[in-house]
Enquirer: 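Once you've had a glance at the structure underneath, I'll fire off some questions.
Owing to the predicted nature of the structure, the values given are computational and were not obtained by experimental measurement. Every chain is numbered from 1, with letters handed out A, B, ... down the list of sequences.
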2 protein chains.
Amino acid sequence: MPVKVRIADVAAAAGVSTATVSRALSSPDVVGAETRARVMAAVQATGYRINAAARDLRQQRARSILVLAPNLANTFFSRIIAAVQEVAGQAGLAVQISDSRTDPDLLQSLGHNGRADGILLLDGALPPDLVRGWRLPVVQVCEWNDAYEVPSLRIDNAAAARMAVAHLRDLGHTHLLHVAGPADNVLGQTRERGFVDAARAFGLGATVLPGDFTMASGARSARAWAEMPDRPSAAFTASDECAFGFISECNRMGFAVPGDVSVIGFDDVDFAGHFIPALTTIHQPRARLGRQAAERLVSALGASERLTHEQVIIDPNLMIRASTAPRT
Amino acid sequence: MPVKVRIADVAAAAGVSTATVSRALSSPDVVGAETRARVMAAVQATGYRINAAARDLRQQRARSILVLAPNLANTFFSRIIAAVQEVAGQAGLAVQISDSRTDPDLLQSLGHNGRADGILLLDGALPPDLVRGWRLPVVQVCEWNDAYEVPSLRIDNAAAARMAVAHLRDLGHTHLLHVAGPADNVLGQTRERGFVDAARAFGLGATVLPGDFTMASGARSARAWAEMPDRPSAAFTASDECAFGFISECNRMGFAVPGDVSVIGFDDVDFAGHFIPALTTIHQPRARLGRQAAERLVSALGASERLTHEQVIIDPNLMIRASTAPRT
DNA sequence: ACACATGATGTAATCGATTACATCACCCGT
DNA sequence: ACGGGTGATGTAATCGATTACATCATGTGT
């Protein structure tokens, strides 16, 4: 078998033109059955594989999508990305990944260099002009930004915060703590506002400490909590990671969770149910989000169907486990 | 600004040929200074972006690498992949990801369809003929397979197991348990063998339970451990995930870690230090592994330097935390 | 003055697949 | 029998960038 087999080699082996080979592969119904059989036999015999660059150039399509996330090392993204790759792979699309914060030139080039046909955007903090300048289909997952005017999928973060607050109220807690996400992050802001509004609506005391989703900010907040003269008896953190840090630090300081303080996280990452105590948390259906987002993008790329700006808001789900208990 | 700017448009604006524009961009030293300035001004004025498919087709290069991992949802891979993307992105390479287990046709096409210039392989379980048939530079990370005859980077898994066993021996434990990884996985096999050999060398009792790296197999093993008439006082699991499952299940059954059983994991995933108890574990420098692997691949792609089959084996590092204690 | 080397630039072929348009064969309806 | 329609296939242009080879201008050495 030669190193590189071209469509012309297949055509020669089948005794037809290259156009017929191309058609036999892409539109088999317009090629006669006998001719088609000869072509397929030649493809097998030669081991032909299409040259992607040649096809992409001619068709003006990349057959590839790009996933842009702010910090690919964040384990939160794994399941989303895996689900995206599964759906896109099945649709014959290659999946590229890139950190959304580190290559301004790449971001500027998108839509102009033929590198990707569509974008799955996991970052709501990019400049709107930039995103709108892409002229590619864009679908957002989890984080969103209305200024982009693109569709997005997420859970109802405000309702989720309300659920957390309601759960703690039902357990008899009257003074609650919230460890916030980053102040400039739409998720952090929404979860905080949801918390504050619900606490007010339920007539509960509410204290907010700044945070940034990380374990370190969780640990820091636990130390601040321990110093409070009138400590809240329950905490709702803006992420599971933050909750792990909070709980771990309480443990180190000799406080018990949920005995001294109940804790609710946000995300339901893989380890949450196996943490000690098993973490009560807001479940984020990451695989489902990734799958649906990818399906939307694939659909837009495949059928020339225009993407609407529809915002899909999924009802939240509170996983009640062992990190929350009645107020003592 | 027109929707699509070609190199011919830049050439017209600069009053030179397309060849000169191409040269000004790729080999500026062979173009006169004045001409070069005119070209760069025209590039700026037109907003020109190179067409990737056209360039790739002409140059017979994809400017892209592919990361193949068995289960992209596994959080263990996040830091590796992020580091790979950082290095490759800086070298101007796009990074594609794909699950290594689900698309046989993709795997068969690699090296024949111009989709990627090189492969970072995180799976040692693919058929050797397949891998050797790619005719692309391949670098393995973590998992390896000597039959592929490609370079790899990993920590010394056998030495790591020995360190774990030595640590437990130093704490006075005389009967140890190992929860193994998958029986058909090179990592699982090597860690198990390292464990068994070290226990024998140190004259310690050694019990091995089958596992598969997962939290579920850890929990199952904890239940089996609890039923043992002569329970080992310490356990070494083939992954952190497995350790979390083991510890969590012990906790549920009312056993204390490390009071009733010391536990050592393998990986040092992000949450390990914040688990309760903070997990003693073998550290895997995932970002470093990903970075170095990517650098090797980038180097092979950039300078036409041939990849050697060198196996880089990194010394292991035991992170001693709170999940191990002297035998009581 | 002439020959040679070097730097700069242009022309046109090349990469490999797709597809617009033309051509042919065959069938059906009038 | 003739005309029109349809299915099948071929030719050659197209996609956009790169680069081999040719050409020209200039400088240096003999």
Side-chain angles (χ1 to χ4, degrees), chain A residues 2-40 42-43 46-64 92 94 109 111-115 117 304, chain B residues 2-40 42-43 46-64 92 94 109 111-115 117 304:
Chain A
V3 171
K4 185 178 295 285
V5 182
R6 288 165 203 102
I7 201 165
D9 303 316
V10 178
V16 298
S17 70
T18 61
T20 298
V21 176
S22 189
R23 285 192 202 103
L25 294 176
S26 63
S27 314
D29 46 302
V30 303
V31 176
E34 195 234 322
T35 304
R36 196 188 318 144
R38 283 204 332 266
V39 169
M40 299 317 291
V43 168
T46 57
Y48 169 73
R49 294 284 158 176
I50 199 164
N51 179 302
R55 182 184 53 185
D56 294 348
L57 175 61
R58 184 61 181 80
Q59 294 192 327
Q60 306 278 315
R61 296 175 51 171
R63 292 179 181 263
S64 174
S109 298
H112 300 266
N113 63 2
R115 263 283 185 222
D117 298 321
S304 304
Chain B
V3 172
K4 186 180 293 287
V5 181
R6 290 171 202 91
I7 202 164
D9 304 317
V10 178
V16 298
S17 71
T18 61
T20 297
V21 176
S22 188
R23 284 190 203 105
L25 294 175
S26 62
S27 313
D29 46 301
V30 304
V31 176
E34 194 236 322
T35 304
R36 197 188 317 144
R38 287 207 326 269
V39 169
M40 300 317 292
V43 168
T46 57
Y48 169 71
R49 295 285 160 178
I50 198 162
N51 181 301
R55 183 185 51 186
D56 293 348
L57 176 61
R58 183 62 181 78
Q59 292 192 328
Q60 307 279 315
R61 298 176 49 171
R63 293 181 182 262
S64 174
S109 298
H112 299 267
N113 63 1
R115 262 287 185 218
D117 298 320
S304 305

Enquirer: Could you tell me the separation between the CZ atom of R55(B) and the C1' atom of dT19(D), rounded to a whole number of Å?
Expert: 15 Å
Enquirer: Closer than 3.5 angstrom, by distance alone: can the side chain of R36(B) be matched with the main-chain N or O of A24(B) as a donor-acceptor pair?
Expert: no
Enquirer: Counting any heavy atom closer than 4.0 Å, what does D29(A) reach on the DNA or RNA strands: base, sugar-phosphate only, or nothing?
Expert: sugar-phosphate
Enquirer: What is the distance, rounded to the nearest whole Å, between atom CG of D56(B) and atom P of dC15(D)?
Expert: 19 Å
Enquirer: Base of dT14(C), side chain of R58(B) - is there a donor-acceptor contact under 3.5 Å?
Expert: yes
Enquirer: Would you say the side-chain atoms of D117(A) pair up with the backbone N or O of R63(A), donor to acceptor, closer than 3.5 Å?
Expert: yes
Enquirer: On DNA chain D, compare the nucleotides closest to S22(B) and V30(A); which residue's is nearer the 5' end?
Expert: V30(A)
Enquirer: Taking S109(B) for its side chain and H112(B) for its backbone only, find out whether a donor-acceptor pair lies under 3.5 Å.
Expert: no
Enquirer: Go nucleotide by nucleotide along DNA chain C from the 5' end; which of V31(B) and T18(B) gets its closest nucleotide reached first?
Expert: V31(B)
Enquirer: Nearest whole Å is fine: how far is dG16(C) P from R115(B) CZ?
Expert: 16 Å
Enquirer: Just to confirm, is there a sub-4.0 Å distance from OP1 or OP2 of dA17(D) to any side-chain nitrogen or oxygen of Q59(B)?
Expert: no
Enquirer: Could you tell me how far apart R36(A) (CZ) and dG7(D) (P) are, to the nearest whole angstrom?
Expert: 14 Å
Enquirer: Checking all strands, does S17(A) fall into the base, sugar-phosphate, or nothing category for heavy-atom contacts under 4.0 angstrom?
Expert: base
Enquirer: For T20(A) and dG10(D), is the shortest distance between a side-chain N/O and OP1 or OP2 below 4.0 Å?
Expert: yes
Enquirer: Between dT9(D), dA17(C), dT18(D), which nucleotide gets closest to the side-chain atoms of I50(A)?
Expert: dA17(C)
Enquirer: Heavy atoms only, 4.0 Å cut-off, all strands: where does V21(A) land among base, sugar-phosphate and nothing?
Expert: nothing
Enquirer: Taking only Lys NZ, Arg NE, NH1 and NH2, and the carboxylate oxygens of Asp or Glu, determine whether D56(A) and R115(A) approach each other closer than 4.0 Å.
Expert: no
Enquirer: Compare the minimum distances between each of dT9(C), dG10(D), dG10(C) and the side chain of A19(B), then state the nucleotide with the smallest one.
Expert: dG10(C)
Enquirer: What's the CG-C1' distance between L57(B) and dT14(C), to the nearest Å?
Expert: 9 Å
Enquirer: Given atom CD of Q60(B) and atom C1' of dC15(C), what is their separation to the nearest angstrom?
Expert: 6 Å
Enquirer: Can you measure L25(A) atom CG to dT18(C) atom P for me and round it to whole angstrom units?
Expert: 7 Å
Enquirer: Any chance you could measure L25(B), atom CG, to T20(B), atom OG1, to the nearest 0.5 Å?
Expert: 11.0 Å
Enquirer: Within the pair Y48(B) and dA17(D), is there a side-chain N or O less than 4.0 Å away from OP1 or OP2?
Expert: yes
Enquirer: For N51(A) and dG16(C), what is the distance between atoms CG and C1' respectively, to the nearest whole Å?
Expert: 6 Å
